[in-house]
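Worksheet: one structure, shown below.
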Amino acid sequence: QVQLVQSGGGLVQAGGSLRLSCAASGRTFSSYHMGWFRQAPGKDREFVAAISRINLNTYYGNSVKGRFTISRDNAKNTVYLEMNSLKTEDTAVYYCAAERAEIGSTWNYEAPTEYGTWGQGTQVTVSS
């Protein structure tokens, strides 16, 4: 199992940018699909973005499409979330998550329950 440690986040004005990083321990990072989720107070955890383990296919939630970019560097065991044109409604705790790819299985990248390992979360606050 990997362990995930997040960094980045903080306070930014609307229209600004932030980059989140999520570093994984272990030597099998490339075996994992990776995702980013967020949770605002009083709301359910929301899918933000995901990236597959090898083909690097990317997927985005409708609310962030065109503004956020997910990427990964398998050599550095790290996944990134570049967030541009931030809005006040992007304010939330952001979590990275990992799901080990299994041969023959289907990856439901939008479902939090699909992921077995989570980072500690990092606060992103966008002020108006």
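The figures here come from the full heavy-atom set of this structure, side chains too, leaving out hydrogens, waters and symmetry mates.
- Listed for the Gln6 side chain is a donor-acceptor partner under 3.5 Å among the backbone atoms of Gly121.
- Using modelled atom types, no side-chain atom of Glu110 and backbone atom of Ala49 make a donor-acceptor pair closer than 3.5 Å.
- Each ring-ring contact (aromatic ring centres under 6.0 Å, His included) pair with one or both residues in residues 20-46, not counting sequence neighbours, appears once here: His33-Trp107, Phe37-Phe47, Phe37-Tyr115, Phe37-Trp118.
- By the 4.5 Å heavy-atom criterion applied to side chains, Leu81 and Arg19 are not counted as neighbours.
- Between Gln1 and Thr117, the side chains place a donor N or O and an acceptor N or O closer than 3.5 Å (distance only, hydrogens not considered).
- Summarising the geometry of Ser85 relative to Ser17, their closest heavy-atom pair is N-OG, 4.4 Å, with the distance given to 0.1 Å.
- For the salt bridge (charged side-chain N to carboxylate O under 4.0 Å, His left out) test, residues two or more places apart in sequence or in another chain that qualify with Glu46 are Arg38.
- For the pair Glu99 (side chain) and Met34 (backbone), a donor-acceptor distance under 3.5 Å is absent.
- The two residues Ala40 and Ala92 come nearest to each other via the heavy atoms N-CB, 3.9 Å.
- The number of heavy-atom neighbours closer than 6.0 Å to NZ of Lys65, taken from other residues, nucleotides and ligands shown, is above 12.
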Residue pair Asp44, Gln39: steps toward the side-chain contact (heavy atoms from CB on, under 4.5 Å) verdict:
CA-CA 6 Å; Asp44 291 336; Gln39 190 163 19; 5.6 Å; no

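- Side-chain atoms of Thr91 and Glu89 form no donor-acceptor pair, as typed in the model, at a separation below 3.5 Å.
- Put simply, the side chain of Asn77 gets close to the backbone of Gly26: a donor and an acceptor are under 3.5 Å apart.
- In this structure, Arg100 contributes its side chain and Thr28 its backbone to no donor-acceptor pair below 3.5 Å.
- In terms of hydrophobic clustering, with Ile, Leu, Val, Met, Phe, Trp and Tyr side chains grouped at heavy-atom distances under 4.5 Å, Val93 and Val126 are assigned to different clusters.
- Ile51 and Val5 fall into different hydrophobic clusters, where Ile, Leu, Val, Met, Phe, Trp and Tyr are joined by side-chain heavy atoms under 4.5 Å apart, directly or via other members.
- Environment of CD in Gln123: crowded, with over 12 heavy atoms of neighbouring residues, nucleotides or ligands closer than 6.0 Å.
- Heavy atoms only, all atoms of each residue included: Ser127 and Thr88 are closest at C-CG2, 4.0 Å.
- Using a distance-only test at 3.5 Å, with no hydrogens or angles considered, no donor-acceptor pair links the side chain of Thr69 to the main chain of Glu82.
- The minimum heavy-atom distance between Leu56 and Ser52, with the atom names listed, is N-OG, 3.1 Å.
- By the rule that hydrophobic residues join a cluster once side-chain heavy atoms approach within less than 4.5 Å of another member, Tyr80 and Tyr60 end up as members of separate clusters.
- Under the 4.5 Å side-chain heavy-atom criterion for ILVMFWY residues, a single connected hydrophobic cluster contains both Leu86 and Val64.
- Of all heavy-atom pairs spanning Thr78 and Ser21, the tightest one is CG2-CB, 4.3 Å.
- At least one donor-acceptor pair closer than 3.5 Å links the side chain of Thr122 to the backbone N or O of Gly8.
- Under a hydrophobic-cluster definition in which Ile, Leu, Val, Met, Phe, Trp and Tyr are linked whenever side-chain heavy atoms come within less than 4.5 Å, directly or via other members, Leu4 and Ile70 are assigned to the same cluster.
- Between Gly119 and Tyr95, the shortest heavy-atom distance links the atoms O-CD2, 3.7 Å.
- Atom CZ of Arg72 sits about 10.0 Å away from atom SG of Cys22, to the nearest 0.5 Å.
- The distance from atom OG of Ser63 to atom NZ of Lys87, rounded to the nearest 0.5 Å, is 8.0 Å.
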Full working for side-chain contact (heavy atoms from CB on, under 4.5 Å) between Val124 and Leu18:
CA-CA 9 Å; Val124 170; Leu18 282 174; 3.9 Å; yes

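- Side chain of Glu114 to backbone of Asn108: a donor-acceptor contact under 3.5 angstrom is found.
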